Amino acid sequence: MNMDQNIIYFITGNIHKYNEISAFFNKENLNYVLKQKNIKTIEVQAESIKEIALYKLESIKGQVNGSYFIEDAGFFVDTPLNGFPGVYSSYVMKTLGNKGILRLIDDFEKTQAHFTSSIALYFKPLDKNLIFEGDVYGRVSKTIRGSGGFGFDPIFLPNVMPDSTFAELTTDEKNKISHRGKAWRKFTKFLKENTI
Ligand code: IMP
């Protein structure tokens with residue numbers, strides 16, 4: 001077998017995402033090796049995280065030898081912000097940050113929010129683009145809490161563990177319930193069924 005054949009590249013410059021995904025990878029007995037590659041992808045403005053992820057994947061076509069994936073996520077405050085920041089999450093994190101989001105909310109008891117994750121994979125053995133998605137639902141915390149995780153983690157209270165923000169959980173605890181964890185488990189199932 002060609003030695004490169006069982007490498008899967010995770011195209012990301014975000015070390016937090018890489019750490020979460022490699023924590024999953026190390027727990028599974030997969031016939032693949034995970035490697036990080038930092039290539040500049042093109043981020044388009046689109047209506048859904050899935051479209052953004054697939055566009056990013058296409059934008060690096062021909063630049064990687066073998067199978068590779070990218071992961072794109074969004075944070076949606078469904079009540080009271082009608083899904084904002086959603087597909088603008090990355091820009092809003094840089095401009096308003098968590099403090100800015102909290103300033104837009106009056107009644108924290110009534111908030112509803114979710115994260116979505118889309119893993120877009122180019123799978124060389126099938127010469128195909130594939131997508132794996134996951135969501136996690138919860139509320140917005142009144143205050144910024146916790147030092148773990150990244151991004152919007154310190155203001156998100158998942159419904160299944162409503163007393164802790166994502167930033168107060170360990171990586172393993174977050175992975176068990178997170179949007180990325182759910183997308184990841186679908187991805188793993190696919191890899192197990194398509195072992196080369
Ligand atoms: P992207 O997937 O890197 O485009 O992420 C968009 C924005 O959402 C960035 O500001 C990230 O920091 C944030 N983000 C992505 N994934 C997570 C997560 O798992 N928890 C909290 N924030 C996240």
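Bear in mind the structure is a predicted one, so any value in this text is a computation, not a measurement. What's counted below: heavy atoms across the whole structure, side chains too, no hydrogens, waters or symmetry copies. As the structure lists them, so they are numbered: ligands from 1, and atoms in each ligand from 1.
- Taking Phe115 as the reference, Phe75, Phe156, Phe166, His179 meet the ring pair (Phe, Tyr, Trp, His ring centres under 6.0 Å) condition, with sequence neighbours excluded.
- Applying the salt bridge (Lys or Arg N to Asp or Glu O under 4.0 Å) rule to Asp172 yields the partners Lys27; only residues at least two apart in sequence or on another chain are considered.
- Side chains of Thr188 and Glu28: a donor-acceptor N/O pair is absent below 3.5 angstrom, by distance only.
- For ligand 1, the 4.0 Å heavy-atom shell contains residues Lys17, Asp72, Ala73, Ser89, Ser90, Met93, Phe115, Phe150, Gly151, Phe152, Asp153, Lys174, His179, Arg180.
- The environment of CZ in Phe190 is crowded: more than 12 heavy-atom neighbours from other residues, nucleotides or ligands sit within 6.0 Å.
- Because its NZ or CZ atom is both nearer than 6.0 Å to the ring centre of Tyr9 and within 45° of the ring axis, Lys37 counts as a cation-pi partner of that residue.
- Not a single salt bridge (Lys or Arg N to Asp or Glu O under 4.0 Å) links Glu47 to another residue, sequence neighbours left out.
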